[in-house]
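What follows is a single structure, written as structure tokens, with notes after it.
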Amino acid sequence: MREMDKAFDFKTAQTRWYAQWEDSKIFEAQPESGKKPWSIVIPPPNITGNLHMGHALVFTLHDILTRFKRAQGFDALWVPGVDHAGIATQVVVERQIKEAEGKTRHDLGREEFLKRLWQWKDQNQGDIENQLRRLGASVDWTRKRFTMDPDLNKAVRKVFAAAYKQGRIYKGPRMIQWDPASQTALSDLEVKYVEKQGKLWHLRYPLADGSGQLVVATTRPETMLGDTAVAVHPEDERYKAFVGKMLKLPLTGREIPVVADEMVDPKFGTGCVKLTPAHDPNDHAAGKRLHLPSITVIGFDAKMTAEAGAAYAGLDRFECRKKVLADLEAQGLLEKIEDYTHQVSVSDRTGCVLEPLVSEQWFMKVDEAAKAALASVRDGRIRFTPERWATVWEHWLNNIQDWCISRQLWWGHRIPAYTCLGCGHLMVEEEAPDTCDKCGSEKLEQDPDTLDTWFSSALWPFSVFGWPDETRDLKRYYPTSVLITGYDILFFWVARMVMSGLLWTDEVPFRDVYFNSLVRDEHGSKMSKSKGNVIDPLETMEEFGTDALRYSLAAMAAPGTDISLSKSRLEASRNFCNKLWNAARFVQMSLTPDVTLAVEPELGEAEYWMAARMKDALERTTQAIEEFRFHEAAEILYHLVWDDFCATYIELAKVTLQQGTTEQKAAILHFLDILLRALHPVVPFVTEEIHEAVMSERLVPGEPSFLAARSWPLDHPMLQKKGGNPELMPKFQEALSAILRLRAENGIDPGKRLPGFTTLKELEVFLDGFKSMAKLESLSFLDGDLASPSRAVSVVGGGLVALELAGLKDPAADRAKLEKELEKLEKEATPLRERLADENFVNKAPQVAVDKMRGQLREKEGRLAKVRALLG
RNA sequence: GGGCGAUUAGCUCAGUCGGUAGAGCGGCUGCUUUACACGCAGCAUGUCGGCGGUUCGAGUCCGUCAUCGCCCA
């Protein structure tokens, strides 16, 4: 048997176990086991980066649930994997190649560029997988997936082709958000609005007939080159006369009409709005309504086009702004400039200011699927935790727009659409056709674009199981049991998975969705590289231990509130692991080899109490985990270990540990075993390490040798035993703390043993423990009055305890203390008396509440009487 | 502009069914008590953001205001 170190060495423990677990295949699903399946799929991390604290949280919660369900006897499966993350990855790798070799992706060509991306993917996937192992994630590596695996690609092609044939996917020119930095279209969700200090420029547009002018206000003067009208509100008296007249658009010589439209806010700016249908979503809509022409003056490269005129063509849009303003100024057409704070749309990924442009893209209609998704939450097929996200869900799905799914990227699932170079016929097929089905030509060209990453992510809960093939895994593990993810991807991912699941599998993809919190720094600020307050999970695991990190995250994961992670919190968790370690060490040191889990334990009063506490704690823990209240589970177990097991039970059992029978000691061993099994899902390393040191040679034959493979201890026979007097322990604890308080109040040297007295016969049961914990030389049981000038006395529930101080006592201080106690008790009793004297309360409140209060008052009165008696 | 959330001990946060407020950390006092100083014993700490309402009773339910944060437009 290995001697346990004085302190838990987490660095050793957390490197020892994972490979052994993995080798023993205990994390692998057992489809043939006959157990009930339980499954969860990982929110696949992007291959662009390492795992951050947010991942550590999500995966810790995943692992707690998975280990818990596995222990409960489910065939638990956690499917791991990574996501290709189209834009993010392509941008990163492009930048890297540019820096290293000075080449663009076009220099390399599509094939070579993709080769590099796959290399990058392999490298990063490996890193991420190792980080998951470091965290202890009990995933089934035999089922790991990548969003661009061939069978997942097959699912994507299948869905795309089917949706196209159903008319759910269409291609067409529409105004989209274009990211000039990554050279691709984006969906509405990938647009971020940032507040910027800008200007509002007031521009003069003269009437064509020279009879006057209108002044328009704009934040983007460069777009004026593409204006095709100026709009005013139809009821705006100031401008009614202008409607229908023509304006001479400065710098272009073009004539544009003044039009009336309800969308104009007369109170904004001058009340005249320039319309640039080619470069603004609102203007685009207005242009369609009013049948205005659309002139594209900014290209996909964010430079001015030839349409902008020879003077501006080729200029960057922001350079052009300067020139346009200078030219207008020179012509006296710049009326005024105001400071103005406004929202600018930027790419969520690259931060580049987006350009709304009309472009030919692929879109997916989602209105029908959105209705189905709404219904699935409304009727409870999917439950959200916290529930309030259902409101946000409702709002978004009720206002959903068609989804732009094509991206002008090379990294991603290539769109399975083929154009015949012979006749121009477009074919969308799951498998690439050889010939044009219209003209028979063999010259076909696949659409160069790829799909939005979220298109494949949306299929993840079933594509990982081999859908569309009716695989064994699909039948067994789909729909999955739970989804755990951040609320920030409610729309991006959760909504799209639900819609896709309902559309393609006729099932909701998961029963429960738990939205985890955001991990912030110790002051509640968001972690960010620029603030320098990022706490790295790997460093944290090195400094405090993986278990400490996991415990901290679990303990703070109250649903719906963000987590403020601090060093002091991590220290507390590390201390907790060490506490457990030392309790186990102490037990182990006292056990002879004959004490094993096969020995039928013998229970005394302390054991009955401990068993009852454990049963209660485990019932509450089980329920807490099942309802995703991880923080509650962590807290219950913390107090069970520290307060009940260590501070009370082990202290009482010290005598047993030294002199007890094999059967008595077996009880202690069983308690420790139960604790290890209960704590394992949260802190797998320290518990497995203890399990090896203490249990490995004491297991019942046939029990798994790994703690990770053992069962949830709720049904443990020890916990079902009834017996003992449940009132003893509370009395013991109160008496003990009363004595300890008397010692402290009287400044007794902690090591000094003194004679004690009590009227509480119940203490007899725990005599040895009481004497040792209260540092008593002796304990005498007396009836009635314990008071004596040499003794300090304290009133406890149901009796008195006293300490012989023999000359160490200060009578005046003693009396003052009792008077203070009297005052305190009166203060507590008074409101109780008043409430009970109130007829309203007694008549209207439920009987239980009244009875409870009467009981409380009776208790206070009892103490009061005793204190008064002591005061004489 | 619309919606959501938060406001509780010095700090970070729990608080389920409305029954009279808790944890961790920190603070103070004292301890090399033979599992653990990553520990032990003891002590202190609250106008539960403000105001109003419902109720016998409100941290909890309703209304309103304030401050902060997030999402959407």
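Note on naming: letters A, B, ... go to the chains in the order of the sequence lines (proteins, then strands), and numbering restarts at 1 for each one.
The aromatic rings of A:Trp642 and A:Phe576 sit parallel, their planes meeting at an angle under 30°, below the 60° perpendicular limit. Ring planes of A:Phe8 and A:Trp581: tilted class, angle from 30 to 60°.
Distance A:Arg743 CZ to B:rA41 C1': 10 Å, rounded to the nearest Å. In this entry the distance linking CD1 of A:Ile650 with P of B:rC40 reads 12 Å, nearest Å. Atom P of nucleotide B:rA35 and atom CG of A:Leu672 are separated by 16 Å, given to the nearest angstrom. Remark: P of B:rC43 and NZ of A:Lys820 are 10 Å apart, rounded to the nearest angstrom. Across the protein-nucleic acid pair, A:Lys579 atom NZ and B:rC38 atom P stand 12 Å apart, rounded to whole Å. Look at OH on A:Tyr487: it is 15 Å from C1' on B:rG3, rounded to the nearest Å. Atom CG of A:Asn840 is separated from atom P of B:rG57 by 7 Å (rounded to the nearest Å). With rounding to whole Å, A:Glu387 atom CD is found 12 Å from B:rG5 atom P.
Along RNA chain B, the nucleotide nearest to A:Met556 and the one nearest to A:Phe576 differ in position, and the one closer to the 5' end is contacted by A:Met556. Sequence order on RNA chain B of the closest nucleotides to A:Tyr193 and A:Asp643 puts A:Asp643 first from the 5' end.
Taking the C1' atom of each, B:rA14 and B:rU7 are spaced 15 Å apart, rounded to whole Å. For the P atoms, the distance from B:rG42 to B:rC48 is 29 Å, rounded to whole Å. Atom name P, nucleotides B:rG46 and B:rG22: the rounded distance is 13 Å, in whole Å. Spacing between B:rC72 and B:rG10 at atom P, rounded to whole Å, works out to 36 Å. To the nearest whole angstrom, the two C1' atoms, one in B:rG3 and one in B:rG18, are 28 Å apart. If you take atom P in B:rC62 and the same atom in B:rG5, they sit 10 Å apart, rounded to whole Å. Spacing of C1' atoms, B:rC68 relative to B:rA41, comes out at 41 Å, to the nearest Å. For the P atoms, the distance linking B:rA21 with B:rG27 amounts to 27 Å, nearest Å.
Phosphate proximity of B:rG26 to A:Ser568: absent, as no side-chain N or O sits under 4.0 Å from OP1 or OP2. Side-chain nitrogen and oxygen atoms of A:Asn578 include none within less than 4.0 Å of the OP1 or OP2 phosphate oxygen of B:rG39. Between A:Arg569 and B:rC13 there is no side-chain N or O to OP1 or OP2 distance below 4.0 Å. Note on A:Lys567: every side-chain N or O is 4.0 Å or more away from OP1 and OP2 of B:rC11.
The residue A:Arg574 sits close to a base: some heavy atom pair falls under 4.0 Å. Note on A:Glu651: a base of the nucleic acid sits closer than 4.0 angstrom, heavy atoms only. Contact annotation for A:Trp642: backbone-only contact, meaning every heavy-atom pair under 4.0 Å involves sugar-phosphate atoms and none involves a base. A:Cys577 comes within contact range of no nucleotide atom at all, as no heavy-atom separation falls under 4.0 Å. Among the atoms of the strands shown, only primed sugar atoms or phosphate atoms (P, OP1, OP2) are found under 4.0 Å from some heavy atom of A:Ala572. No engagement by A:Pro831 is indicated, since no non-hydrogen atom pair under 4.0 Å with the nucleic acid exists. Among the protein residues, A:Arg835 comes within range of the nucleic acid bases, having at least one heavy atom under 4.0 Å from a base atom.
Checked against B:rC56, B:rG15, B:rG42, the side chain of A:Arg741 finds its nearest nucleotide in B:rG42. Comparing B:rC36, B:rG19, B:rC72 by their closest approach to the side chain of A:Asn582 singles out B:rC36. Ranking B:rG30, B:rG42, B:rA14 by closeness to the A:His631 side chain, first place goes to B:rA14. Set against B:rC43, B:rC36, B:rC38, the side chain of A:Asn575 has B:rC38 as its closest nucleotide. For A:Phe586, the side-chain atoms get nearest to B:rA35 when compared with the rest of B:rG42, B:rA35, B:rU33. Here B:rC56 is the nucleotide among B:rG42, B:rC56, B:rC38 with the atom lying nearest to any side-chain atom of A:Asp838. Minimum atom distance to the side chain of A:Phe491 is reached by B:rC72, of the listed B:rU12, B:rA35, B:rC72.
B:rG39 and B:rC31 make up a base pair, with Watson-Crick or G-U wobble contacts both under 3.5 Å. If you check B:rC70 for Watson-Crick or wobble pairing at under 3.5 angstrom, you find it paired to B:rG3. With a cut-off of 3.5 Å on both pairing distances, B:rG57 has no Watson-Crick or G-U wobble partner at all. With a cut-off of 3.5 Å on both Watson-Crick or G-U wobble distances, the partner of B:rG63 is given as B:rC51. When Watson-Crick and G-U wobble pairs are counted only if both distances are under 3.5 Å, B:rU16 pairs with no nucleotide at all.
The base of B:rC36 has none of its N or O atoms less than 3.5 Å from a complementary donor or acceptor on the side chain of A:Lys6.
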Chi angles and distances behind the salt bridge (Lys or Arg N to Asp or Glu O under 4.0 Å) call for A:Glu861, A:Arg854: CA-CA 10 Å; A:Glu861 299 280 20; A:Arg854 283 200 177 117; over 6 Å; no
A:Phe630/A:Tyr514 under ring pair (Phe, Tyr, Trp, His ring centres under 6.0 Å): CA gap, chis, key distance, verdict: CA-CA 11 Å; A:Phe630 299 100; A:Tyr514 174 85; 5.6 Å; yes
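Annotation: A:Phe671 is not in aromatic contact with A:Phe645 [ring centroid separation under 6.0 Å not met].
Ionic pairing of A:Arg833 and A:Glu828 is not present here: no N-O contact between side-chain nitrogen and carboxylate oxygen is shorter than 4.0 angstrom.
Under a cutoff of 6.0 Å and an axis angle of 45°, A:Lys654 and A:Phe586 form a cation-pi pair. A cation-pi arrangement is present between A:Arg835 and A:Phe841, with the terminal nitrogen or guanidinium carbon under 6.0 Å from the aromatic centre and inside a 45° cone about the axis.
Within 6.0 Å of atom CD in A:Gln401, 12 or fewer heavy atoms from other residues, nucleotides or ligands are found, so the atom counts as exposed in its surroundings.
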